[in-house]
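So the structure is just underneath, and the comments pick up after that.
Since the structure is predicted, the reported quantities are computational estimates derived from the model, not experimental observations. Below, chain A is the first sequence line, B the second, and so on; all start at residue 1.
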Amino acid sequence: MGLNQALAAKLDEIAKMMEVLGEDSFRSGANARAARNIEALAFDIGDIAGDKKKLLELEGIGPKIADKIMEFAATGKMKEHGELREKVPAGLLQMMTIPGLGPKSVKAIWETLKVTDMAGLKKAIDDGSILTVPRMGAKAVEKIKLSIGLAEQGQQRLWIGVAMPIADRVIEHLKSKLGKKIKKIDFAGSLRRGKESIGDIDVLVATNEAAATSEAFRTMPGVVAILVGGDTKSSVRIATGVDLARWDSEGQDQEKVGPSIQIDLKIVPEDSWGAALMYFTGSKEHNVKLRQKALDMGLTLNEYGLFPDDKEATPPHQRGVKAVASKTEEEIYKKLKTTWVQPEIREARGEFELKETPRLIEVEDIKAELHAHTTASDGSLSIEELAAKAKERGFHTIAVTDHSQSSVIANGLKPERLLKHIEAIRKAQEKFIDKSGKPTITLLAGSEVDILNDGTLDYKDDLLKQLDVVVASPHNALSQDPQSATKRLIKAIKHPMVHILGHPTGRLINRRAGLDPDMGKLIAAAVESRTALEINAHWMRLDLRDVHVRAAVNAGCLIAIDCDVHQGEDYDNLRYGVMTGRRGWLGPELCVNTWTAKKLLEWLKSKR
DNA sequence: GCCGTTTTCGGCCCGACTGTTTTCAGTCG
């Protein structure tokens, strides 16, 4: 674990322990905010941990927290954390992760029953003693029990590539059930912001038929539990493993299998669509800043619209107060004298300083796939099938980059096989020529070459030279220390034959942390040698991750967005790679996959 | 504990839903 993460974890625990102790929520909030900001930094905070002035320049870091950072960087310890730990048993923090159990309830259980961990909590539920805790009744206990059960099934945030198709299908289901009764429908939340993992799915509906919509939602096939069932808000858990393709066929048994994910449905009047979409898209931090802006202007913002702030206790929309703006996001941002920005960058990380909406990369900008495998190594498509699929997508270029010899499990190619493969790719090109003799799509002969532990490549230079494109990727020794990893990857980046650093850290989301190199140094090396860093679009990788893309973009580093195609459907993952790029404020210029065939080829040849 | 084109002190986002309550506290997003 790098220093940033370790520091963020400590500060976050301080915040949580303060919450349990019932201390000032603004103080705990400040620690939590600092933790979040530090975790999102793209550079090693250790580089400036000796310089208090620089620390104070960071958002959300004041004198007190700066001192804690300096202390931790220098000694590996944080006195305040230790002192709080003396007072607050660690098990209480774990209890707080249970949905429905907040700091107040945990404190009450702790003080009343002396329960300090999950085992004690379960025991108190089983023997009924939990009912003696103030404000703890049978229904509340039942909910806690359900939540613990889900937690033990290994509930975690879901990959965006799993959540997105479910959201798409829920929306299709509601549309098919309700037809014209639905005026507008979309998903919001972290899914709309394109985050790499999704805690729950938010679906927003504008309709006058709230009751029928709620009913259709709560009775969807695959629903395993109804958590909330109000007039305008419902929450259910839905099985992810259900065969959603069969939803519309009547009379079939719907298996309720796989892990479940929570879906929230929010029903709003059509006039409030823009306000509601903003509100439920978040992020929370972005919304807080927007509301502060509203207050500064004598206005108040909620999910129903932007209203004059008359300081009345009852919400304005319930008193028939007319909104200043509410129908579209754009008009609300405009009234707040703020630039409308895309959902992916609404993280309160500098977007409010933008004078105009940035041009972020879009799926339609991508014209080339530069990382793809065939049956020669571990793919399921032939060279021709791969190229045909790329052509269908309107791409002008497809690079065939099968694995190199060290990737034995992936059937990597020995030099002699690679030479034959290059020939086969040249030959396949002949099938993609139009009547005037021009290629209908350009096939590039390449390789995804292993970066060995010490940073050397898996083929000799004279062989690499024969390839049109070289993607160098780390596949093993993915737990080596940060210093070695940095050295190893920089060596590959600087290699004169390498075009792209493939999935730079080798992480798998929710599965494996991967390498933890000094990203700032990698980016600097990549800028200098005009090597592109890859955003691997597979939803289990999304590597580079968003905050590193942001740092790379700031430095003017080239970026490649590639699907790492192994089978035909993998091209569909492009949307996740693009969203990750957008989260890093990536425009089309720096992304090599958006370039014209001519410009792309010139860049590739410049390394030959 | 941070922050400031109205403040260096006094603020700090807003509403729905639920459950346990006789008017509201806790949690969530």
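As rounded to the nearest Å, B/dG1 and B/dT6 have C1' atoms that lie 23 Å from one another. Across the P atoms, B/dC17 and B/dT22 are found 22 Å apart, a figure rounded to whole Å. To the nearest whole angstrom, the two C1' atoms, one in B/dC2 and one in B/dT7, are 14 Å apart. Nucleotides B/dG26 and B/dT20, compared at atom C1', are 11 Å apart to the nearest Å. Taking the C1' atoms as reference points, B/dT18 lies 15 Å from B/dT23, given to the whole Å. With P as the reference atom, B/dT27 and B/dT21 are 15 Å apart, rounded to whole Å. Rounded to whole Å, the C1' atom of B/dT8 lies 9 Å from the corresponding atom of B/dC3.
The side chain of A/L295 lies closest to B/dC14, out of B/dG15, B/dC14, B/dT27. Nearest to the side chain of A/V228, among B/dC2, B/dC17, B/dG15, sits B/dC17. In this structure, the nucleotide among B/dC2, B/dC17, B/dG26 sitting nearest to the side chain of A/K233 is B/dC17. The A/Q292 side chain lies nearest to B/dC12 when the options are B/dC12, B/dA16, B/dG19. In this structure, of B/dT27, B/dG29, B/dA16, it is B/dG29 that holds the atom nearest to the side chain of A/D202. Among B/dA16, B/dT27, B/dG1, the nucleotide with an atom closest to any side-chain atom of A/A30 is B/dG1. Comparing B/dT27, B/dG15, B/dC24 against the side chain of A/R135 picks out B/dC24 as the nearest.
A/F280 comes within 4.0 angstrom of no nucleic acid atom, judged by non-hydrogen atoms across all strands. Counting any heavy atom pair closer than 4.0 Å across all strands shown, A/D24 reaches a base atom. Among the atoms of the strands shown, only primed sugar atoms or phosphate atoms (P, OP1, OP2) are found under 4.0 Å from some heavy atom of A/I65. Here A/K139 lies in heavy-atom contact (under 4.0 Å) with sugar-phosphate atoms only. Among the protein residues, A/G229 comes within range of the sugar-phosphate backbone only, with heavy atoms under 4.0 Å from sugar or phosphate atoms but none that close to a base. Nucleic acid contact class of A/E23 (heavy atoms, under 4.0 Å, all strands): none. Residue contacts for A/A34: at a heavy-atom cut-off of 4.0 Å it reaches no nucleic acid atom on any strand shown. Residue A/K143 is in sugar-phosphate contact alone, with no base atom involved, counting any heavy-atom pair closer than 4.0 Å across all strands shown. If you check every strand for non-hydrogen atoms under 4.0 Å, A/P103 touches sugar and phosphate atoms only. Using a 4.0 Å heavy-atom distance criterion, A/K107 is classed as making no nucleic acid contact.
Atom NZ in A/K16 sits roughly 13 Å away from atom P in B/dT27 (whole-Å rounding). Atom CD of A/E19 and atom P of B/dA25 are 18 Å apart (whole Å). B/dG15 atom P lies 10 Å from atom CG of A/L301, rounded to whole Å. Atom pair A/I14:CD1 and B/dG1:P shows a separation of 8 Å (rounding to whole Å applied). What separates CZ of A/F307 from P of B/dC14 is a distance of 13 Å, to the nearest Å. Summarising the geometry, the separation between CG on A/D264 and P on B/dT18 is reported as 12 Å, rounded to the nearest angstrom. Across the protein-nucleic acid pair, A/M136 atom CE and B/dT21 atom C1' stand 14 Å apart, rounded to whole Å. To the nearest angstrom, C1' of B/dC3 lies 16 Å from CD of A/E57.
Within the 3.5 Å criterion, the main-chain N or O of A/H286 finds a donor-acceptor partner in the side chain of A/S283. Under the 3.5 Å distance criterion, the side-chain polar atoms of A/R541 are left unmatched by any main-chain donor or acceptor of A/I509.
The side chain of A/H317 places an N or O atom within less than 4.0 Å of a non-bridging phosphate oxygen (OP1 or OP2) of B/dA16. Residue A/T300 places at least one side-chain N or O closer than 4.0 Å to OP1 or OP2 of B/dC14. Contact annotation: A/Q318 side-chain N/O to B/dA16 OP1/OP2 distance is under 4.0 Å. Applying the 4.0 Å criterion to OP1 and OP2 of B/dC17, one finds that A/T232 has a side-chain N or O inside that range. Residue A/S105 has a polar side-chain atom (N or O) positioned under 4.0 Å from OP1 or OP2 of B/dT27.
The pair A/E330-A/K334 fails the salt-bridge criterion, with no side-chain N (NZ, NE, NH1 or NH2) lying under 4.0 Å from an Asp/Glu carboxylate O.
When each of A/M96, A/M95, A/M136 is tested with A/S105 by the rule side chain to side chain contact (heavy atoms under 4.5 Å, CB included), just one qualifies, namely A/M136.
Using a 5.5 Å limit on the distance between ring centres and a 30° limit on the angle between planes, the aromatic ring of A/F26 does not count as stacked on the six-membered base ring of B/dC2.
Residue pairs meeting the side chain to side chain donor-acceptor pair (under 3.5 Å) criterion with at least one partner in residues 185-195 of chain A, sequence neighbours excluded, are A/R192-A/T281, A/R192-A/E329, A/R193-A/E347.
Surrounding NZ of A/K68 are more than 12 heavy atoms belonging to other residues, nucleotides or ligands, all under 6.0 Å away.
For the residue pair A/I201 and A/A167, the shortest heavy atom distance occurs at CG2-CB, 3.8 Å. Summarising the geometry of A/S326 relative to A/D271, their closest heavy-atom pair is OG-O, 2.7 Å, with the distance given to 0.1 Å.
Both A/G137 and A/Y279 sit near DNA chain B, but only A/G137 has its closest nucleotide nearer the 5' end. Nearest-nucleotide positions on DNA chain B place A/L58 closer to the 5' end than the other of A/L58 and A/L299.
Look at B/dC14: its Watson-Crick or wobble partner, with both distances under 3.5 angstrom, is B/dG29.
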